[in-house]
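Atoms within each ligand, like the ligands themselves, are counted from 1 in listed order. We count residues from 1, following the sequence as given. Just so you know, these numbers come straight off a predicted model, no measurement behind them.
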Amino acid sequence: MPESSLSTKHLLGIKYITKEDIDLIFDTADSFIDVINRPIKKVPSLRDVTIANLFFENSTRTKMSFELAEKRLSADVVNFSASSSSVKKGETLLDTVNNILAMKVDMVVMRHPVPGAPMFLSKKINANVINAGDGTHEHPTQGLLDSYSIRRKLGEVAGKKVVIIGDVKHSRVALSNIFCLQKLGAEVKVCGPATLIPKHIESLGVGVEYDIDKALRWCDVANVLRIQLERQDIKYIPSLREYNLYYGIDKKRLDRLDREITIMHPGPINRGVELNSDVADSEHSIILQQVENGVAVRMAVLYLLAGRKN
Ligand code: CP
């Protein structure tokens, strides 16, 4: 395991960490990939550490992935889900967290619908805070595992052309991907209907392409986002059927390209909307490798942050 440590006590967003931090997380994740592929998938690294997973919003992948990563590192784990907690009786976020910390918790993994909630918490408590997705802001471990998956598939991230397709406007995954890919030297474009591309996104140094076939011809990797109907207060697209017609990726669309590209998706997939099954389940797709790599990346983040108390 590396001797170095991260430049930060918390992981609140990719915006707030350095390229050196990302390289260190990836090199550490390489060691944990070996661990999770062994018959005995556990190491004692976090034996004295207690971690609370606080999920104020639904999750399948991130919640299970963090819990598995924590257990593989031998941490003690407590899980909190807002829907079955005293939040339903009106308890505030800070009161909830302070009560949990009174039970001597060292690290907090938090998903919350409000952008900035993990940042707020990190200023109030002593425990390390890891953002597991805050509203439409950032989802740093998803950004890390996506770039890490590109590194494992294509050898390196630097110099690669990555297009992020779809509902960029409502996506925390998009922002964390943009920051992570750029720090690692990739070229990034976004593609989607104009209503789902944030105004002024070019100011982040990304290109914008509205024609999906041009975007696919340009890229090495297409990271396809979910249409987030639950965050859309008004109609941004006429219908899901029309979205699929113009922006959905199916085998026919990929067959028109003159070379192979890699297809990624953070999940959950709306099959038949942004991605058709003949692509999602094809050899072009690394969607399940992303999930597998996510456990190793989260083990690396937890392991490295546990060494940072200040
Ligand atoms: N990719 C992702 O964040 O999925 P979940 O919402 O299932 O955690």
Side-chain angles (χ1 to χ4, degrees), residues 11-15 25 29 51-72 77 79-84 108-118 129-150 152-153 162 164-181 190 192 196 221-232 249 262-271 273-275 279-281 285-302:
L11 180 62
L12 301 173
I14 304 292
K15 188 176 180 182
I25 292 168
I51 305 176
N53 298 317
L54 312 186
F55 279 72
F56 293 83
E57 202 186 64
N58 293 343
S59 169
T60 299
R61 277 146 292 271
T62 312
K63 191 161 182 272
M64 282 185 68
S65 180
F66 265 112
E67 193 173 342
L68 263 180
E70 291 153 4
K71 289 179 171 168
R72 301 276 189 250
V77 180
N79 288 307
F80 163 95
S81 167
S83 56
S84 57
V108 172
V109 174
M110 185 167 79
R111 170 167 288 193
H112 201 282
V114 177
V129 177
I130 300 173
N131 178 3
D134 59 333
T136 53
H137 175 226
E138 278 223 42
H139 189 349
T141 54
Q142 184 71 46
L144 288 167
L145 76 88
D146 286 347
S147 285
Y148 182 70
S149 298
I150 294 173
R152 281 186 69 79
K153 172 82 198 287
V162 182
I164 301 169
I165 298 172
D167 189 357
V168 180
K169 190 181 188 73
H170 299 97
S171 175
R172 53 196 176 208
V173 173
L175 200 56
S176 289
N177 262 268
I178 290 169
F179 289 138
C180 198
L181 289 162
V190 294
L196 292 178
V221 177
N223 197 350
V224 187
L225 302 174
R226 182 172 66 89
I227 296 291
Q228 299 197 39
L229 291 173
E230 78 277 18
R231 291 193 211 280
Q232 298 186 10
I249 302 181
T262 299
I263 300 289
M264 303 173 67
H265 192 300
I269 305 170
N270 292 312
R271 283 177 185 261
V273 180
E274 65 264 4
L275 215 49
V279 173
D281 305 327
S285 156
I286 59 164
I287 294 169
L288 291 179
Q289 286 96 310
Q290 288 171 259
V291 177
E292 182 179 339
N293 293 335
V295 176
V297 166
R298 290 184 171 112
M299 285 173 82
V301 167
L302 292 161

How far does CG of Asp281 sit from CG of Leu288, to the nearest 0.5 angstrom? 8.0 Å
Tell me which protein heavy atom sits closest to atom 1 (N) of ligand 1, plus the residue, atom name and distance to 0.1 Å. Pro266 O, 2.8 Å
I'd like to know whether ligand 1 has Arg111 as a neighbour, heavy-atom separation below 4.0 Å. yes
Return the NE2 to NE2 distance between His137 and His112, rounded to the nearest 0.5 Å. 14.5 Å
Out of Asp146, Thr62, Asn58, whose heavy atom is nearest to atom 8 (O) of ligand 1? Thr62
Geometric cation-pi criterion, Arg298 with Phe66: 6.0 Å, 45°: yes
Can you sort out which atoms of ligand 1 are near Thr60, meaning under 4.0 Å from one of its heavy atoms? 5 (P), 7 (O), 8 (O)
Closest protein heavy atom to atom 4 (O) of ligand 1, given as residue, atom name and distance to 0.1 Å: Arg61 NE, 3.1 Å
Ligand 1 atoms nearer than 4.0 angstrom to some heavy atom of Gly267 are 1 (N), 2 (C), 4 (O)
Assess, by modelled atom type and distance only, whether the side chains of Ser149 and Gln289 contain a donor and an acceptor separated by less than 3.5 Å. no
Using only atom types and a distance under 3.5 Å, with no angle test, would you say the side chain of Arg111 pairs donor to acceptor with the backbone of Glu57? no
Considering both backbone and side-chain atoms of Lys63, is one of its nitrogen or oxygen atoms within less than 3.5 Å of a nitrogen or oxygen in ligand 1? no
Distance (rounded to the nearest 0.5 Å) between Leu175 CG and Arg172 CZ: 12.0 Å
